[in-house]
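Each remark here refers to the structure printed beneath this line.
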Amino acid sequence: MVHVPFYSLDYVERDLGSSLGESVDAVLKSNWYIRGTRCAAFEEAFAAYCGAKVAVGVGNGLDALTLMLRAEIILGRFAAGDEIIVPANTFVATVLAVRAAGLVPVLVEPDRETCNLDVARLEAACSEKTRGILAVHLYGRLADMPAICEFAKSKGLLVFEDAAQAHGASNKCHPERSTTCEVDIQDLGLQPLSRVRFEGAGSAAAYSFYPTKNLGAMGDGGAVATDDLELAQVVRSLANYGSEEKYVNRYVGVNSRLDEIQAAILLAKLPHLDAWNRRRQEIAARYCAEIKNPLVRLTKVPKNPQSHVWHVFPVFCERRDELQKFLKDRGIDSLIHYPIPPHLQEAFAGALSRGELRHGPLPIAEELACTELSIPMGPGMTDEQVAQVIESINAFV
Ligand SMILES: *Cc1c(COP(=O)(O)O)cnc(C)c1O
């Protein structure tokens, strides 16, 4: 029996060897650590990878989300107190960002089979104050963007993406080019997906490069990808004290920048991202085909395999804690994403009655929080480890 860690970053050394050290070394020797050539080069490469016109590097994923929303307020497209629809079963950062921007999160139940926003519930969630939808591609699976965008268009809402778990997921059917952004989906007779524009106002996607994300830095990092150059300009300025010209402050900004060392690491890792995601998809395909236990429910297999990059592989079990211990006894680590949904967090106690949050009953989000277990997943897993996870889950009675 081998130990199966939840996630190991050993594959980075395996695939990049000493080149990563050399990239970092070059930054150390350059004596230039903030707002330099590596950040600019990474922004350009990442924008191209995403199929977006521009990417702006920031300090982390939470800031990417927050600054993208704050920029919309500065541009006059949102006003303080406007409502933004978010899924109820997301990582807390999605909700924190909406609050931090002075907007009101409206929590909506997910689809139980995909764990992403349930489009059928959007209509009922809207009020006269609703101005936008922040979709989360949870676990690495693209939310139903064509349907979300179509709904948003009919209501005049802006659409944003929390893509912190979905670097490289694509609605396109071209396995060699994967991004969360549409480029040639129209060739397939489908609607443009992630980058839909509404009446001249743009939408954007926020990314995190937290070390364990599908594309991770070796510290904190984040980015906003968008086709909206005006929005990008405001995000860039907000992230740099609200300043475009040194010592001239146009906005009340923050300090949130992607530093040169992190950018150099991300630049070195980006060319490997598609292969890493493919390995995740391979492992997921085996899990989906071979995990057969009536006590364990899996999410629906996506129609387009490229649209899911399996940041985590969730399973659902009524006796989740027992399953976790059972696996632990067999050398298999697991985690829960997430044990407490945002609306039940102490941070939001009283938020509902103060009008800082809006939601109805959320039984599905609460059920998912009580039953979810994330099993080992990552490009570094061996076939032997994958087999051990499958056998162990199938042995749980
Ligand atoms: C990781 C994550 C974030 C936050 O990213 P940080 O870089 O840790 O701030 C936001 N949303 C989701 C869905 C995430 O998984």
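- Heavy-atom contacts from other residues, nucleotides or ligands closer than 6.0 Å to CZ of Arg319 number more than 12.
- The six-membered or imidazole ring of Tyr207 lies near that of Phe46, with a centre-to-centre distance under 6.0 Å.
- Taken from CD in Glu72 to CG in Leu158, the straight-line distance is 5.5 Å, to the nearest 0.5 Å.
- Residues passing the side chain to side chain donor-acceptor pair (under 3.5 Å) test with Glu123 are Lys155, sequence neighbours excluded.
- Ring centers of Phe91 and Tyr210: at least 6.0 Å apart, outside the cut-off.
- Screening residues 37-47 for side chain to side chain donor-acceptor pair (under 3.5 Å), with sequence neighbours left out, gives Glu43-Arg236.
- For the pair Val106/Val86, no side-chain contact is recorded, criterion being any heavy-atom separation below 4.5 Å from C-beta on.
- Under the 3.5 Å distance criterion, the side-chain polar atoms of Asn277 are matched with a main-chain donor or acceptor of His167.
- Thr66 places a side-chain N or O within donor-acceptor distance of the main-chain N or O of Leu62, the cut-off being under 3.5 Å.
- Aromatic ring centroids of Tyr241 and Tyr247 lie 6.0 Å or more apart.
- Closest approach of Ala152 to Ile133, counting heavy atoms only: CB-CD1, 4.2 Å.
- Phe78 does not carry Arg131 over the face of its six-membered ring by the limits of under 6.0 Å from the centre and within 45° of the normal.
- In terms of heavy-atom proximity, Ser256 sits nearest to Gly59 at OG-N, 2.9 Å.
- The two residues Phe348 and Pro342 come nearest to each other via the heavy atoms CD1-O, 3.2 Å.
- The two residues Gly222 and Leu258 make their nearest non-hydrogen contact at N-CD1, 4.2 Å.
- Ala101 and Ile73 get closest at one heavy-atom pair: O-CD1, 3.0 Å.
- In the displayed structure, Glu318 atom CD is contacted under 6.0 Å by at most 12 heavy atoms of other residues, nucleotides or ligands.
- Within a 6.0 Å radius of CZ in Arg330, other residues, nucleotides and ligands contribute more than 12 heavy atoms.
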Salt bridge (Lys or Arg N to Asp or Glu O under 4.0 Å) evaluation trace for Glu372 with Arg320: CA-CA 7 Å; Glu372 197 273 349; Arg320 186 258 316 273; 5.3 Å; no

